[in-house]
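Reviewing the structure listed below.
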Amino acid sequence: MVGSVHVGVDVSRLDVHDDAEGAAAYAVVRASQDHRRPWNDRDGFEPTLRDWRFDDPAQRAEMWAARDGGDVVGIAQLWFPLLDNVDKLWFDIDVAPDRRGRGVGAALVDLVVRRAREEGRRELLGEAFVPPDATGGHPHERFATRWGFTPASTDKVRHLTLPVPTARLDALAGAARPRWAEAYRLETHVGGLPEPLVAGYCRVSNQLGVDAPTGDVEFEAESMTPEHYRAYLDLERLQGRVRLTTVAVEEATGAVVAYTDLVLPSGAPTQVWQWGTLVDREHRGHRLGTAVKVENLRRLQQDHPERTVVGTGNDETNAWMVSINEALGFELVELCRMYHRVLATDGRD
């Protein structure tokens, strides 16, 4: 049996619709995720609060607070997929740096396990950021191991300093173009795709969890619909975020066969997040991954010269995407480990 003692810590549901509660939660999450990570690019309070209050059609979210003497000292965020991968529970745990080692994290893990059992979720998935040279001795790694979690996969987190030299973009685009130019076209759109492209984008995007390497964990295809996509765009507009999307469209069919997204957070005014990039498996080998990423970066640098860094993460075994990012100039900053625990059906784990 995995367990720990956490005397004096009270764990209860946090009301994200209460401004004071939201502010206390944000302060803990921000302090935790910024600790010894000066490059952390978390969004501002208002955009984050809108995210926490969003009624996501694809997953149900819960937020729980660990309190010590009335003070919020730790936060657990839980996400229950509703349409696919319904055997899984994703979670984040953040503890204020000055309250670590006192049982706060243990109390929150207890909560995560309990809620997983109550909701019939057998697979628990969480992530931890560690230095590039971490080999098991980092406090986050020791904590995960103590609680019965094993590392399932590792993303290498890289940052790209902007602007990327035009000559570098030209060289990459020029090398890729002969492979795709006759059969495909590229389109870049700001703030969402036009309606004729949305269904195709959803189809390709839903394959990301299946096609991208995920180590020892198997995922079903996701279930994003055009309605869900529009809801996410509405949220991003309320948050003040800007999304740049470049797609590759097959000329013969009009089908979206590749995409990449860059998102500009409003609360981190120099940062850019590289979200998903995927090429449909039937259209690989045409250098479309390079083509869409280069085109999206061109648009980013044209429209937003104030942005100075792009952050991304790729599984260390995803040699093709890693090679594209390294050619663009991305440099390693840290590792993001995905930790996995399967709950025993008899409760004796």
Side-chain angles (χ1 to χ4, degrees), residues 56-59 81 83-85 169 172-214 218-237 241-263 272-300 302-303 310 312 314-315 318-325 327-328:
D56 192 325
Q59 62 183 3
L83 304 177
D84 50 68
N85 297 289
L169 295 177
L172 290 168
R177 178 172 290 276
R179 302 284 292 274
W180 64 264
E182 290 188 7
Y184 306 93
R185 70 177 185 271
L186 305 183
E187 295 187 17
T188 301
H189 297 275
V190 180
L193 296 171
E195 196 61 32
L197 300 179
V198 171
Y201 169 91
C202 291
R203 180 188 63 82
V204 178
S205 176
N206 284 336
Q207 291 299 312
L208 186 61
V210 176
D211 287 2
T214 53
E218 293 186 1
F219 291 94
E220 300 172 348
E222 296 185 2
S223 306
M224 182 170 62
T225 67
E227 291 74 22
H228 297 166
Y229 175 74
R230 287 188 285 270
Y232 299 142
L233 292 178
D234 288 342
L235 171 63
E236 290 166 19
R237 293 185 191 103
R241 293 178 178 175
V242 176
R243 188 194 293 217
L244 304 178
T245 305
T246 295
V247 295
V249 179
E250 187 180 27
E251 293 283 15
T253 64
V256 173
V257 300
Y259 81 96
T260 189
D261 283 316
L262 291 170
V263 175
V272 181
W273 302 331
Q274 171 70 69
W275 281 6
T277 300
L278 192 70
V279 179
D280 186 294
R281 64 191 70 169
E282 296 183 3
H283 295 269
R284 291 173 187 168
H286 299 283
R287 305 293 299 274
L288 290 171
T290 296
V292 295
K293 293 193 79 164
V294 168
E295 193 68 18
N296 224 26
L297 280 169
R298 286 192 195 278
R299 183 60 176 268
L300 169 66
Q302 172 188 308
D303 291 358
V310 179
T312 192
N314 300 102
D315 189 277
N318 190 350
W320 177 245
M321 194 56 65
V322 167
S323 69
I324 296 174
N325 287 336
L328 285 166

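One is the number of the first residue; the rest follow in order along the sequence.
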Passing option when L328 is tested against L172, V310, T312 for side-chain contact (heavy atoms from CB on, under 4.5 Å): L172
Flag side-chain contact, heavy atom, 4.5 Å: E195 against R230: yes
Closest contact, heavy atoms only, L186 versus A291: CD1-O, 3.8 Å
Shortest non-hydrogen separation from Y201 to V256 and the atoms involved: N-CB, 3.9 Å
Check against side-chain contact (heavy atoms from CB on, under 4.5 Å), W180 and E250: CA-CA 9 Å; W180 64 264; E250 187 180 27; over 6 Å; no
Neighbour count above 12 (heavy atom, 6.0 Å) for E182 CD: no
Heavy-atom pair with the smallest gap, counting every atom of G191 and R237: O-NH2, 3.2 Å
Non-hydrogen side-chain atoms of Q207 and D280 separated by less than 4.5 Å: no
Which atom of V204 lies closest to which atom of L278, heavy atoms considered: O-CD2, 3.2 Å
Parallel, tilted or perpendicular: rings of H228 and Y232 (30°, 60°): tilted
Sidechain-backbone polar pair: H286 side chain, R179 backbone, donor-acceptor under 3.5 Å: yes
Pairwise distance CG(L244) to CD(Q302) - rounded to 0.5 angstrom: 10.0 Å
Residue pair N314 / W320, side-chain heavy-atom distance below 4.5 Å: no
CG on L233 to CD on E236, rounded to 0.5 Å: 5.5 Å
Sidechain-backbone polar pair: D84 side chain, S223 backbone, donor-acceptor under 3.5 Å: yes
Whether T290 side chain and R287 backbone form a donor-acceptor pair below 3.5 Å: no
CA sep, side-chain torsions, deciding dist, call: V257, L288, side-chain contact (heavy atoms from CB on, under 4.5 Å): CA-CA 9 Å; V257 300; L288 290 171; 4.0 Å; yes
Member of T188, V272, V242 meeting the side-chain contact (heavy atoms from CB on, under 4.5 Å) criterion with L262: V272
Electrostatic pair K293:E295 at N-O distance under 4.0 angstrom: no
Nearest heavy atoms of C202 and P226, plus distance in Å: SG-N, 3.8 Å
Donor-acceptor contact present, side-chain N85 to main-chain E220, <3.5 Å: yes
R299 side chain vs V190 backbone, donor-acceptor pair below 3.5 Å: no
Minimum heavy-atom distance G289-V279, with the two atoms named: N-CG2, 3.6 Å
E222/R203 ion pair, N-O < 4.0 Å: no
N206 (side chain) donor-acceptor with M224 (main chain) under 3.5 angstrom: yes
Distance-only polar pair, side chains of Q274 and T260, donor-acceptor under 3.5 Å: yes
Pair D211 + R284: basic N to acidic O under 4.0 Å: yes
Within-4.5 Å side-chain heavy-atom neighbours: V249 and L197: yes
Close side-chain approach of T246 and Y259, heavy atoms under 4.5 Å: no
Neighbour count >12 (heavy atoms, 6.0 Å) for atom CD, E227: yes
Polar side-chain atom of N296 near backbone of V292 as donor-acceptor pair, under 3.5 Å: no
Worked check of side-chain contact (heavy atoms from CB on, under 4.5 Å) between E251 and Y184: CA-CA 5 Å; E251 293 283 15; Y184 306 93; 5.5 Å; no
Donor-acceptor side-chain pairing of Y229 and D234 below 3.5 angstrom: no
